[in-house]
**Student:** 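Next up is a structure, given as structure tokens.
Residue numbers run from 1 in the order of the sequence given. Please read all numbers here as calculations on a predicted model, not as lab measurements.
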Amino acid sequence: MPTTITFLGTASVTPEAGHDTASFLINNRILVDTGWYAALKMLPYGISPLDLEYLIFTHCHHDHYIGLPHLLFYLRMRKRDRPNRPPLKIIGPAEDVQNVVDRARHFLQTDRFPDVEHIPEVFPLTPGESLETETFRLKTCATVHAVQGLCYRFTDQTTGSTFGFTGDTAYHPPIAAHLKGCPFIIHEASHG
């Protein structure tokens, strides 16, 4: 089966009605950024948020993570459908990803309402670090943005397909070197 990419949103910062900010799915199992409401945007495609194994943040600005509380809440409220579902694994820039996850959980008032608690596993990465799983490999480099951002070189371990993606970034020559040879690049350039 080939590597698939499903775009959930392609708008910038404040999307028009019916649209969402930049976010997409890889193989229906990996979500890249949450946009404003990626969990709900998955449903018309026949994809359940319960199928997600990983969430990758390109950077931690509001329009890229604002949908995280919705996603965590959905996963917990539908736990009865998949009681043995492992926790969501969240990958992102080391400077901010844990803080964003903690604040999303705080927003849901999990201390007050423990029944809504979904505790994800967090994997902070700094530019230049890599992460390898059974199904994919990530290599990173820095982007140019107001907060720490990562450009990812993604390799699907099952198909061998490689492509690259970034979130908001200004022109930065190391990105071209990092993604050299990638036949497909998803590049958001709202900042710059």
Side-chain angles (χ1 to χ4, degrees), residues 4-9 11 13 15 19-126 129-138 140 147-150 152 154 156-158 165 167-168:
T4 62
I5 296 172
T6 305
F7 288 96
L8 301 175
V13 187
H19 298 276
D20 198 5
T21 54
S23 61
F24 61 93
L25 290 165
I26 305 167
N27 296 332
N28 298 344
R29 299 275 189 258
I30 303 161
L31 176 62
V32 177
D33 292 332
T34 63
W36 285 55
Y37 59 108
L40 294 180
K41 291 291 284 185
M42 294 170 66
L43 299 175
Y45 290 98
I47 303 165
S48 171
L50 293 173
D51 293 336
L52 291 177
E53 297 170 6
Y54 290 89
L55 165 59
I56 301 170
F57 283 116
T58 58
H59 67 289
C60 293
H61 262 160
H62 309 82
D63 56 319
H64 291 258
Y65 73 76
I66 201 165
L68 180 59
H70 307 136
L71 177 59
L72 296 178
F73 187 73
Y74 186 98
L75 294 176
R76 181 57 184 97
M77 292 296 97
R78 298 302 298 254
K79 185 176 174 95
R80 69 186 177 280
D81 297 340
R82 296 218 191 128
N84 298 322
R85 185 192 183 286
L88 181 66
K89 296 169 183 68
I90 300 178
I91 300 163
E95 286 183 7
D96 298 309
V97 69
Q98 186 66 58
N99 186 41
V100 163
V101 169
D102 291 345
R103 287 178 184 263
R105 292 176 55 224
H106 181 73
F107 174 79
L108 293 171
Q109 300 184 60
T110 55
D111 57 332
R112 188 170 168 211
F113 304 108
D115 289 349
V116 303
E117 180 73 279
H118 177 87
I119 303 172
E121 293 180 45
V122 180
F123 299 84
L125 295 177
T126 57
E129 284 190 308
S130 298
L131 177 76
E132 189 161 346
T133 75
E134 290 181 12
T135 57
F136 66 88
R137 182 174 58 248
L138 289 175
T140 67
V147 297
Q148 185 182 57
L150 296 173
Y152 295 94
F154 181 96
D156 186 328
Q157 303 273 55
T158 58
F165 58 90
D168 297 340

**Student:** Where do Phe154 and Ile30 land on the side-chain contact (heavy atoms from CB on, under 4.5 Å) test, with the steps shown first?
**Tutor:** CA-CA 11 Å; Phe154 181 96; Ile30 303 161; 3.8 Å; yes
**Student:** Please lay out, stage by stage, how Leu52 and Leu25 fare under the test side-chain contact (heavy atoms from CB on, under 4.5 Å).
**Tutor:** CA-CA 9 Å; Leu52 291 177; Leu25 290 165; 3.7 Å; yes
**Student:** Whether the side chain of His70 engages the backbone of Trp36 through a donor-acceptor N/O pair (distance < 3.5 Å, no angle test) should be reported.
**Tutor:** yes
**Student:** How far apart are the C-alpha atoms of Leu68 and Leu55, what are their side-chain angles, what is the distance that settles it, and do they pass the side-chain contact (heavy atoms from CB on, under 4.5 Å) test?
**Tutor:** CA-CA 9 Å; Leu68 180 59; Leu55 165 59; 3.7 Å; yes
**Student:** For the pair Gln148 (side chain) and Ala94 (backbone), establish whether a donor and an acceptor sit closer than 3.5 Å, ignoring hydrogens and angles.
**Tutor:** yes
**Student:** Could you walk me through whether Ile26 and Tyr54 satisfy the side-chain contact (heavy atoms from CB on, under 4.5 Å) test, starting with their C-alpha distance in whole Å, then the side-chain angles of each, then the deciding distance to 0.1 Å, before giving a yes or no?
**Tutor:** CA-CA 10 Å; Ile26 305 167; Tyr54 290 89; over 6 Å; no
**Student:** Can you name the one residue among Val97, Thr140, Ile56 that meets side-chain contact (heavy atoms from CB on, under 4.5 Å) with Leu125?
**Tutor:** Thr140
**Student:** So, taking the atom named OG1 in Thr34 and the one named NE2 in His64, what distance separates them when rounded to the nearest 0.5 Å?
**Tutor:** 9.5 Å
**Student:** Does Phe123 have more than 12 heavy atoms from other residues, nucleotides or ligands lying within 6.0 Å of its CZ?
**Tutor:** yes
**Student:** Is a side-chain N or O of Asp156 found less than 3.5 angstrom from the main chain of Phe136, in a donor-acceptor match?
**Tutor:** no
**Student:** Which atom names give the shortest non-hydrogen contact between Ala104 and Leu72, and what distance separates them?
**Tutor:** CB-CD1, 4.2 Å
**Student:** So, does Thr135 use its side chain to make a donor-acceptor pair with the main chain of Gln157 at under 3.5 Å?
**Tutor:** no
**Student:** Which heavy atom in Glu121 sits nearest to a heavy atom in Pro87, and how many Å separate them?
**Tutor:** OE2-CG, 4.2 Å
**Student:** Using modelled atom types only, decide if a donor and an acceptor are shared between the side chain of Tyr74 and the backbone of Leu50 within a distance under 3.5 Å.
**Tutor:** no
**Student:** At what distance, to the nearest 0.5 angstrom, does CZ of Phe57 lie from CG of Leu31?
**Tutor:** 8.0 Å
**Student:** Where do Gly35 and Ile66 come nearest, in terms of heavy atoms and distance?
**Tutor:** O-CG2, 3.2 Å
**Student:** Taking atom CG of Leu71 and atom CG of Leu40, what is their separation to the nearest 0.5 Å?
**Tutor:** 10.0 Å
**Student:** With distance as the sole test, does Arg80 use its side chain to make a donor-acceptor pair with the main-chain N or O of Met77 at under 3.5 Å?
**Tutor:** yes
**Student:** Are any non-hydrogen side-chain atoms of Phe113 and Leu108 less than 4.5 angstrom apart?
**Tutor:** no
**Student:** To the nearest 0.5 Å, how far apart are CG in Leu8 and OH in Tyr45?
**Tutor:** 6.0 Å
**Student:** Counting heavy atoms not belonging to Phe107, are there more than 12 under 6.0 Å from its CZ?
**Tutor:** no
**Student:** How close do Leu150 and Thr126 get, counting heavy atoms only, and between which atoms?
**Tutor:** CD2-C, 4.1 Å
**Student:** Give, for atom NZ of Lys41 and atom CD1 of Ile47, the distance between the pair rounded to the nearest 0.5 Å.
**Tutor:** 12.0 Å
**Student:** Donor-acceptor pair, His118 side chain versus Leu88 backbone, under 3.5 Å?
**Tutor:** yes
**Student:** What orientation do Phe165 and Phe24 show, parallel under 30°, tilted 30 to 60°, or perpendicular over 60°?
**Tutor:** perpendicular
**Student:** Which heavy atom of Ala39 sits nearest a heavy atom of Leu43, and at what distance?
**Tutor:** O-CG, 3.9 Å
**Student:** Can we say Arg76 and Glu117 salt-bridge, meaning some charged N sits less than 4.0 Å from an Asp/Glu carboxylate O?
**Tutor:** no
**Student:** Out of curiosity, Ile91 CD1 to Thr58 OG1, how far, rounded to the nearest 0.5 Å?
**Tutor:** 12.5 Å
**Student:** In plain terms, say whether Arg82 and Asp51 are close enough for a salt bridge, that is, a side-chain N and a carboxylate O under 4.0 Å apart.
**Tutor:** yes
**Student:** Check whether any side-chain heavy atom of Arg105 sits under 4.5 Å from a side-chain heavy atom of Pro120, and report yes or no.
**Tutor:** yes
**Student:** Please give me the minimum heavy-atom distance between His59 and Gly149, naming the atom from each residue.
**Tutor:** CB-CA, 3.8 Å
**Student:** Check the angle between the aromatic planes of His62 and Tyr65 and answer parallel, tilted or perpendicular using the 30° and 60° thresholds.
**Tutor:** tilted
